[in-house]
Amino acid sequence: MTEESLTKTNFIRDIIDEHNRTGRFGGRVHTRFPPEPNGYLHIGHAKALVIDFGMAEDYGGLTNLRYDDTNPVKEDVEFVDAIKEDIHWLGFDWGDREYYASDYFEPLYEMAVKLINKGKAYVDELSADEMREYRGTLTEPGKNSPWRDRPIAENQDLFKRMRAGEFPDGSLTLRAKIDMASPNMNMRDPVMYRIIHTEHHRTGNKWCIYPMYDFAHGQSDSLECITHSMCSLEYENHRPLYDWFLDELEIFHPQQIEFARLNLTHTVMSKRKLRKLVEEGHVAGWTDPRMPTLAAMRRRGYPPTAIREFIDTIGVAKADSFVEVELLEHIVRDQLNLTSPRRMAVLERLKVVIDNYPSDLEEEFDVPDFPQDPENSATRKVPFGRVIYIERSDFEETPPPKYFRLSPGREVRLMNAYYVTCTGVVKDEHGNLLEIHCNYDPETRGGMSPDGRKVKGTIHWVAENHAIDAECRLYEQMFANEHPEDLPEGETFMDYFDPDSKKVLIAKLEPSLTEAKVGEVFQFVRNGYFTLDSEDSKPGALIFNRTIGLVDSWAKVHK
RNA sequence: UGGGGCAUGGUGCAAUGGCAGCACACCGGACUUUGAAUCCGUGAAUCUUGGUUCGACUCCAAGUGCCCCGGCCA
C-alpha cells in the first residue's frame with residue numbers, strides 16, 4: 001500500500017494540488033474555521049473542522065480559528081468557550097491564531113470608505129420593505145434605488161455619520177453598487193453595513209454599524225492571508241460577491257471552495273431546531289447525550305477519534321447527501337471494542353438462588369478486563385455468592401425456538417463462574433416471577449467443565465451481597481423518522497420526537513465500578529458501552545450513560 | 001431574466017478515456033466463556049437519449065430529476 005492510497009482523494013485536494021502546480025499560493029495552504037458564536041458545535045461542524053484543519057495539516061499548513069461575530073444581536077460569549085473546548089476535544093489546535101471578525105471592524109470600515117471613494121458603494125435610505133421591492137424577483141430584474149447615484153462626497157459624509165451614531169437602526173444602509181439586473185440576487189447591490197445599536201460581546205458600544213457576512217468574510221480571509229476558504233454549498237452563489245469585493249479592493253485573494261454539508265439520518269442539525277429542543281425542555285440542554293452536538297457526544301462517551309474517523313470515512317463531495325447514523329455508530333463501537341475494559345452489570349434484574357451453594361461461602365474470581373487478550377489484560381476481583389442477579393431477559397419459562405439462555409431444566413454458564421441448572425421458579429399470587437432457583441456444578445469453577453461438556457449459553461451476573469446500585473440512562477435515536485427535517489406538508493420534526501428515547505433504570509453493578517472515572521468508557525458485558533455522566537453523577541450516587549448498545553442479532557431473530 | 005450546483009448498489013465515497021471498487025446496511029454460514037467481536041460468503045449501482053472513440057462513470061449535445069438563491073442572518 002502506497003503512502004497516497006492511505007489518504008482518500010477528493011475534489012478539494014484536486015484543487016489544492018492544481019494550485020500547487022501552478023504556484024498560485026506559492027505552495028502555501030492556510031485555512032480557517034469560522035464558527036458563529038451563537039450555538040454549540042455539532043457533528044456537522046465536525047466535518048468542517050476535519051476539512052479545515054485536516055487539509056491544512058496534510059499540506060503542512062496552518063488553520064486559524066476565527067469567530068464570525070458580525071451580528072451582535074445573535075451572538076454571545078457563552079458559546080465562544082464551549083466552541084474552543086469542542087475543537088480541542090477533537091484534537092485540533094489553532095496555536096495563538098484565535099481571531100474574531102470583530103477584530104477587523106476598523107480595517108473593514110476603511111475598505112468600505114475605499115469603495116465609496118471609488119464610486120462603488122453608496123448610502124441608501126430605502127426601508128427594508130422598499131429594498132425588497134426594488135430587488136426584483138428570481139425571474140425579473142430589480143431597479144436602482146433613487147439614492148444609488150448620490151454624490152461621493154455625500155456618501156462619505158453620511159457613512160461617517162452612520163458610524164457616529166446619528167441615525168436610528170434600519171434607517172440607512174451602505175450598499176455595494178454592482179448590478180440590480182444581475183441574475184445572481186447576491187449581486188443586486190448587496191448591503192455591506194447596517195445600523196444596529198446593540199452592545200457587541202467584544203467591541204462593546206464602540207460600533208453601531210456592523211458589516212454583513214459578505215462584506216466581512218472574504219476580507220477577513222484576505223487579512224489573515226488565508227489561501228483556501230472552505231464553506232458549504234449554499235455559499236456558492238456568494239462566491240462572485242466574495243471575489244468582487246476582493247478584486248475591487250485589490251487585496252490578497254483567497255480561493256473559496258464549497259462542499260456539501262453533512263446530513264445525518266434520525267437527527268436534526270439546524271441550530272433553530274436544536275435550540276427549540278433545548279428551550280422547550282424536550283432534552284436536558286445542549287449536552288443532553290441524545291443531541292448531535294459535540295459536547296453531547298463527549299458526555300455520552302463517543303471517542304473524539306471515532307468522530308474524526310467517521311468524517312474521514314464519509315468523504316467530501318459536492319452532492320447533497322444523507323449519511324446513515326449507523327455508520328457513525330459502527331465506528332464508535334469499533335473503537336470502543338478495542339479500548340473499553342469489560343465489566344458486569346445487570347440492567348433489569350432477576351434474582352437467582354443457587355440452592356446447593358453453601359450459604360456461608362463467598363468466593364472471588366480474578367477476571368480479565370479484556371477476555372480476548374487475557375495475557376496482556378489487567379484483572380479485577382469479582383465476588384460471587386449464593387444469591388445473584390441475572391438479566392431478566394436471560395430467563396424464559398417457556399423458551400422460544402433457538403433460545404439458549406436459562407430456562408427450567410437447562411444449564412448455562414455464569415460468565416467466569418460456574419455452570420448452573422435451573423431447578424425451579426417462585427411466583428407471587430398473581431403469577432409474577434419473583435426469583436428462580438438453580439443448582440451449580442462445583443467442578444466447573446471458572447466456567448469450564450472437566451468432562452468437556454458444552455453449554456451453549458453464557459450469561460453475566462452480579463452477586464447480591466456486593467452489588468452496587470447505579471442509575472443507568474439508556475438512549476435511543478431522538479427521532480423515529482429517518483429524515484425528520486424532510487417531512488410532508490403539515491408535519492413537523494417534533495411530531496417524530498420520541499420522548500422514550502431516554503430510559504432510566506436502576507442497575508446492579510459489580511463493585512469495581514465504584515472506581516469509575518469521568519471519561520472512561522466500559523463495556524457492560526452483553527449490554528453495551530457505558531460511561532459515567534460528567535454532569536449528574538456523584539460518588540455514592542453513580543449515574544452511567546449508555547454510549548451505545550452492542551449489536552444484538554438475537555433481538556433481530558427473536559422479533 | 002432567471003442564475004448557480006449536483007446525479008455511481010439501500011446509504012456514503014472511489015475509479016481523473018482502459019477489468020466499476022471500498023465502507024456501512026442487508027442476507028447466509030463458521031467460530032465463540034459477550035447471540036459482541038472475529039472469519040468466510042451472497043445479493044445489489046454508473047439518471048435518460050444520442051454523439052465522439054478501438055474503448056465512455058469519465059469527453060460532447062439534448063433532456064429528466066433533485067438542491068440552493070428574492071434577510072438590513074451567517
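Predicted model only: the values in this text are computed from it and were never measured. Here is the naming used below: chain letters follow the sequence lines, and residue numbers restart at 1 for every chain. All values below were derived from every heavy atom in this structure, side-chain atoms included, with hydrogens, water molecules and symmetry-related copies excluded.
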Heavy atoms of A:R261 and A:E234 approach each other most closely as NH2-OE2, 3.4 Å

Picking from B:C73, B:A7, B:G2, the nucleotide nearest the side-chain atoms of A:M212 would be B:C73

request  = Name the nucleic acid region contacted by A:V551, choosing base, sugar-phosphate or nothing; use a 4.0 angstrom heavy-atom cut-off, strictly under.
outcome  = sugar-phosphate

For A:D221 and A:R66 the tightest heavy-atom approach is OD1-NH2, 2.5 Å

Is the distance from the ring center of A:F310 to that of A:H330 below 6.0 Å? no

With the side chain defined as heavy atoms from C-beta on, A:T137 is closest, among B:G70, B:A36, B:C13, to B:G70

Compare side-chain N and O positions of A:R526 against OP1 and OP2 of B:G35 and report whether any pair is under 4.0 Å apart. yes

Salt bridge (Lys or Arg N to Asp or Glu O under 4.0 Å) test vs A:R202 passes for just one of A:D103, A:D69, A:D76, namely A:D103

### Query
If you take atom types as modelled and just measure distance, does the side chain of A:Q523 reach the base of B:U34 with a donor-acceptor pair under 3.5 Å?
yes

>> With a 4.0 Å limit, can you tell me whether A:R343 has a side-chain N or O closer than that to the phosphate oxygens OP1/OP2 of B:U34?
In response: no

**Message:** Check the phosphate of B:C72 against A:R135, side-chain N and O only, distance under 4.0 Å to OP1 or OP2. Yes or no?
**Reply:** yes

Any N or O donor-acceptor pair under 3.5 Å from the base of B:U11 to the side chain of A:E482?
no

Report task. Could you tell me whether A:S321 contacts a base, only the sugar-phosphate backbone, or nothing, with contacts defined as non-hydrogen atoms closer than 4.0 Å? Result -> sugar-phosphate

Next on the checklist: Any salt bridge linking A:E391 with A:R526? Criterion: basic side-chain nitrogen under 4.0 Å from a carboxylate oxygen.
Outcome noted: no

**Message:** Is there a side-chain contact between A:T70 and the phosphate of B:C73, meaning an N or O under 4.0 Å from OP1 or OP2?
**Reply:** no

note: A:Y210, atom OH; B:G71, atom P; distance rounded to Å ~ 23 Å

### Query
Using the benzene-type ring in the case of Trp, are the ring centres of A:F544 and A:F530 under 6.0 Å apart?
no

Rounded to whole Å, CZ of A:R188 lies from P of B:G4 at a distance of 14 Å

Per atom distances to the A:N337 side chain, the nearest of B:A7, B:G35, B:A37 is B:A37

Output row for RNA chain B, stems defined as at least 3 consecutive Watson-Crick or G-U pairs under 3.5 Å, is B:2-7 with B:64-69, B:10-13 with B:21-24, B:27-30 with B:38-41, B:47-51 with B:59-63

Between the protein and nucleotides 30-32 of chain B, are there any N/O to N/O pairs under 3.5 Å, and if so, what are the atom names and distances?
{"unit_1": "B:U32", "atom_1": "O4", "unit_2": "A:K456", "atom_2": "NZ", "d": "3.4"}

- Is A:W554 stacked on the base of B:G35, with ring centres under 5.5 Å apart and planes under 30° apart? yes

Examine the base of B:G10 for any acceptor or donor lying under 3.5 Å from a partner atom in the side chain of A:E324, and report the outcome as yes or no.
yes

Closest of B:A23, B:G4, B:G35 to the A:R405 side chain is B:G35

Problem - Ionic contact status for A:E125 with A:R150, cut-off 4.0 Å - result: yes

Whole-Å distance, A:I331 CD1 to B:C13 C1', equals 12 Å

Check your understanding: Which part of the nucleic acid does A:L138 contact within heavy-atom distance under 4.0 Å: base, sugar-phosphate only, or nothing?
Key -> base

To the nearest angstrom, the CG-C1' distance between A:L550 and B:U38 comes to 14 Å

Of the candidates B:A74, B:C73, B:G5, the side chain of A:K74 sits closest to B:C73

Requested in this report: Indicate, with yes or no, if the rings of A:Y99 and A:Y67 have centres closer together than 6.0 Å.
Outcome: no

Determine: side-chain N/O of A:S127 to OP1/OP2 of B:C72, distance under 4.0 Å, yes or no.
no

Whole-Å distance, A:R13 CZ to B:C13 P, equals 16 Å

Out of B:C24, B:G71, B:A14, minimum distance to the side chain of A:H330 belongs to B:C24

Q.
Regarding A:D320, tell me which of base, sugar-phosphate or nothing describes its non-hydrogen contacts under 4.0 Å with the strands shown.
A. sugar-phosphate

Check: Reckon A:K556 has a side-chain N or O less than 4.0 Å from the OP1 or OP2 of B:C26?
Finding: yes

Atom CG of A:N263 and atom C1' of B:G12 are separated, to the nearest Å, by 12 Å

Would you classify A:H460 as touching base, sugar-phosphate or nothing, given that sugar-phosphate means primed atoms plus P, OP1 and OP2, and contacts are heavy atoms under 4.0 Å? nothing

Which of A:V525, A:V382, A:D394 passes side chain to side chain contact (heavy atoms under 4.5 Å, CB included) with A:W461? It is A:V382

Item checked: Side-chain donor/acceptor of A:N237 to base of B:G3, under 3.5 Å -> yes

Do A:Y529 and A:F522 have ring centres separated by under 6.0 Å?
no

- prompt: Would you say a side-chain N or O of A:R342 is under 4.0 Å from OP1 or OP2 of B:U34?
  reply: no

Syn within 90° of 0, anti beyond: B:G63 is anti

So what does A:Y235 hit on the nucleic acid, given a heavy-atom distance under 4.0 Å: a base, only sugar-phosphate, or nothing? base

request  = Establish, yes or no, whether the cationic atom of A:R163 lies under 6.0 Å from the six-membered ring centre of A:Y109 and within 45° of the ring axis.
outcome  = yes

Rounded to whole Å, the CZ-P distance (A:F524 to B:A37) equals 19 Å

Considering only heavy side-chain atoms of A:E326, the closest of B:A25, B:A74, B:A36 is B:A25

Winner on side-chain proximity to A:A128, out of B:C68, B:C72, B:G71, is B:C72

Closest to the side chain of A:M415, out of B:U34, B:A23, B:C6, is B:U34

Does A:V455 reach a base, just sugar-phosphate, or nothing at all? Heavy atoms under 4.0 Å. nothing

Report task. Answer yes if the side chains of A:S377 and A:D369 hold a donor-acceptor pair under 3.5 Å, and no otherwise. Result -> no

| Is A:L241 touching bases, backbone alone, or none of the nucleic acid, heavy atoms closer than 4.0 Å? | nothing

(Q) Side chains of A:E140 and A:T137: any donor to acceptor distance under 3.5 Å? (A) yes

- Task: Report yes if at least one side-chain N or O of A:R194 is closer than 4.0 Å to OP1 or OP2 of B:A74; otherwise report no.
- Result: yes

Q.
So A:D14, base contact, sugar-phosphate only, or nothing? Heavy-atom distance under 4.0 Å.
A. base

Q. Touch check for A:F322, heavy atoms < 4.0 angstrom, all strands: base, sugar-phosphate only, or nothing?
A. sugar-phosphate

Do A:N20 and A:D17 pair up side chain to side chain, a donor and an acceptor below 3.5 Å, judged on atom types alone?
no

Against the side chain of A:L327, the closest entry in B:U34, B:G71, B:C24 is B:C24

Here the distance between atom P of B:A23 and atom CG of A:L328, to the nearest Å, is 18 Å

Checklist line | Electrostatic pair A:R546-A:E476, nearest N-O below 4.0 angstrom | finding: yes

Item to complete: Name the nucleic acid region contacted by A:F215, choosing base, sugar-phosphate or nothing; use a 4.0 angstrom heavy-atom cut-off, strictly under.
Response: nothing

Per the under-4.0 Å heavy-atom filter, residues of residues 264-274 of chain A near RNA chain B come out as none

*Would A:R343 count as a cation-pi partner of A:F524, with NZ or CZ less than 6.0 Å from the six-membered ring centre and within 45° of the ring normal?*
no

